[in-house]
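For clarity, every value in this text was computed on a predicted model and none was experimentally measured. Here is the naming used below: chain letters follow the sequence lines, and residue numbers restart at 1 for every chain.
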Number of protein chains: 2
Amino acid sequence: MKDVALEAGVALGTVSKVINGLPVGESYRLRVEAAIQKLDYHVNSYAQGLKASKTYTVALLIPNTSNPFFAKLVHHINTSLMKRNYRMLLCTTDYDSRMEQEYLTITKQNKVDGIIGLTYNPELHPDETIPFVSIDRPMGAHIPCVASDNFAGGQMAAAKLADLGCKNVAFLRVGSSLDSEPNKRKAGFENGCLIKGLSFSEKILQDDDPLSEFEVFLREHLFDGKLEFDGLFCVTDYIAYEIIKILRKMNLRVPEDVQVIGFDGIRAFGDGDYFCSTIVQPIMDIAEMCVELLLQEHMSTKPPLVCLPVSYAYGGTTKEEGGIAKERK
Amino acid sequence: MKDVALEAGVALGTVSKVINGLPVGESYRLRVEAAIQKLDYHVNSYAQGLKASKTYTVALLIPNTSNPFFAKLVHHINTSLMKRNYRMLLCTTDYDSRMEQEYLTITKQNKVDGIIGLTYNPELHPDETIPFVSIDRPMGAHIPCVASDNFAGGQMAAAKLADLGCKNVAFLRVGSSLDSEPNKRKAGFENGCLIKGLSFSEKILQDDDPLSEFEVFLREHLFDGKLEFDGLFCVTDYIAYEIIKILRKMNLRVPEDVQVIGFDGIRAFGDGDYFCSTIVQPIMDIAEMCVELLLQEHMSTKPPLVCLPVSYAYGGTTKEEGGIAKERK
DNA sequence: TTGTATGCGTTATCAT
DNA sequence: ATGATAACGCATACAA
């Protein structure tokens with residue numbers, strides 16, 4: 001910058017004003033801009049950050065980017081940030097509480113302007129001095145939590161199965177013991193079953209149980225090669241995918257014998273086919289809402305919990321209504 | 001820091017030394033550390049970066065994180081960087097040349113220590129002053145390029161199809177006109193076919209052709225419901241996936257009538273099943289190599305091109321050798 | 001061994 | 001409107 005001032009024959013202050021678009025004599029501005037071009041000058045955002053303690057950087061804490069749900073979330077959050085001229089520091093925690101904590105320290109050092117976190121450490125207590133938005137997990141009064149409307153999603157799954165002719169359904173999940181919004185999927189499903197008068201069972205696995213426990217469960221409900229359930233609601237598309245493999249192995253046809261609905265709206269290769277009929281999370285809206293909430297410092301009142309509407313998508317593992325398959329949007 | 005010095009009753013220089021692990025009187029060190037604890041002090045990496053012009057930050061330029069291949073790459077690069085105490089600035093370009101260029105500007109301002117880029121803009125010429133490592137695309141003499149051994153992968157696919165009984169095979173790709181390493185897949189496949197004495201065809205689509213063109217091509221080679229080819233090598237798993245859908249629609253059985261091999265080693269849900277039999281790219285090794293190359297400033301000679309070995313994985317769309325399916329590793 | 005002073009690149013305040 | 005100067009937080013060379 002000093003060099004630019006020298007080259008243009010003006011003072012530093014003038015250069016600074018030109019850069020920041022402050023009013024300055026036209027002839028001076030042109031000279032400075034020419035010098036900037038000539039010297040290929042770029043402002044040093046570290047010096048800016050030091051001076052203004054504003055870095056236009058947001059940290060995203062997330063377990064990984066391999067999981068397609070997380071991957072899409074990262075993508076949309078990145079896009080939302082970019083639109084607002086913010087950059088993203090990606091922090092993958094691998095579900096490790098220690099790493100989540102460690103990254104919180106790093107963000108303190110790196111003076112990010114805010115943090116978006118999809119975390120699992122119940123002991124994690126982010127600094128109150130830095131804006132934080134949580135995804136899926138309520139973290140306290142002063143931290144907004146953004147999630148899908150999981151309860152409505154559960155209800156929707158129940159209603160759908162009922163409408164498609166199911167009489168006897170079951171809910172399958174592998175259970176995080178942690179208090180988190182997705183837990184409401186079960187409550188919503190129960191409620192939906194009640195409304196529709198569906199007979200309802202459930203099997204909940206612990207985090208470290210093998211998925212084959214589901215097969216044991218299903219075989220317990222198999223009589224004469226016929227499954228007691230004609231509809232299954234799985235807590236995620238991934239579980240649904242594994243369940244479908246198990247069902248096929250048990251010589252049960254999907255959706256003819258058993259209809260399956262998952263949750264998330266994951267697609268093959270990111271934007272290909274759904275793996276199963278599913279309750280689709282509005283990932284883009286979640287991303288946008290997180291960024292919005294994080295950066296709107298002066299929002300009079302930060303809502304403690306924002307639930308975004310989900311939708312149903314046909315993915316081949318339910319019977320089609322009126323014989324018309326809904327196309328992927 | 002000033003506060004810490006005050007709290008501990010020492011000078012700033014002493015605090016700095018304690019932080020950086022430089023020798024200092026034991027009693028002083030304890031006092032300073034206590035003060036740091038008490039005040040919850042964290043170094044300001046922006047001030048550090050300003051002083052040392054070293055930021056421990058690396059930028060990753062990549063089209064998106066939705067594509068599973070990119071997603072895994074991001075994940076492993078992030079892990080590799082983390083191991084070395086570096087942070088990652090994620091820059092998703094959406095295949096947009098303008099954005100790639102724009103991000104290059106941002107990285108200049110942000111004074112990152114290096115850039116890893118998987119880019120598509122042939123006009124992109126990164127600054128020579130900042131370390132740059134390219135993935136899959138050669139970008140000039142002073143920029144190392146890391147890729148899978150695409151040629152060997154092509155050969156491997158041909159050899160595999162031959163060993164599994166194919167006589168008449170075809171190569172299917174949608175063609176980037178850009179000079180990039182994955183283009184060698186075709187050359188390797190041709191070479192492999194030659195070695196094994198396979199009859200060889202190919203269909204190359206332009207970037208904006210619809211995938212349905214492949215169906216047209218295949219139907220042109222369909223006689224009496226029987227396809228002329230008994231083996232297909234697709235340039236990516238995604239193409240393979242779409243091709244398999246087309247084949248099924250044409251009432252051809254995979255792998256009984258036609259065997260299909262893809263490229264990349266993509267799995268459902270990140271670490272589930274392969275979508276097809278495939279040539280697996282060593283994504284973790286690629287990530288590690290990129291980071292290694294980028295940070296080893298004093299590597300006597302930066303190699304212009306590093307090719308990492310690929311492997312074959314059975315994914316259900318080829319016949320199994322000796323009746324034994326290879327499990328996913 | 002410890003403390004002090006200077007500069008890194010910017011921005012903002014203040015005289016000019 | 002423009003130019004000089006201080007301060008942001010840290011590291012370091014140098015003096016004590």
Dot-bracket for DNA chain C, 5' to 3', counting Watson-Crick or G-U wobble pairs under 3.5 Å, with [ ] for crossing pairs and | for inter-strand pairs? |.||||||||||||||
To the nearest 0.5 Å, tell me how far A:Y56 OH sits from A:R87 CZ. 9.0 Å
Tell me if the CE atom of A:M284 is crowded by more than 12 foreign heavy atoms within 6.0 Å. no
Describe, in one word, how the ring planes of A:Y120 and A:Y95 are oriented to each other, choosing from parallel (under 30°), tilted (30 to 60°) and perpendicular (over 60°). tilted
Could you tell me whether the side chain of A:K17 has a donor or acceptor atom within less than 3.5 Å of a complementary atom in the base of D:dA1? no
How many whole angstroms separate atom CG of B:D3 from atom C1' of D:dC10? 14 Å
Short side-chain donor-acceptor distance under 3.5 Å, A:S180 and A:D136: no
Counting heavy atoms from C-beta on, name the nucleotide in D:dC10, C:dG3, D:dG3 closest to the side chain of B:Q48. D:dC10
Across the strands shown, which category fits B:M1 at heavy-atom distances under 4.0 angstrom: base, sugar-phosphate, nothing? sugar-phosphate
Picking from C:dT10, D:dG9, D:dA4, the nucleotide nearest the side-chain atoms of A:A11 would be D:dA4
Tell me which nucleotide among C:dT11, C:dT2, D:dG9 gets nearest to the side chain of B:N44. D:dG9
Proximity to DNA chain C (any heavy atom under 4.0 Å), residues of residues 18-42 of chain B only: B:V24, B:G25, B:Y28
Of the nucleotides C:dG9, C:dG7, D:dG3, which has the atom closest to the A:V10 side chain? D:dG3
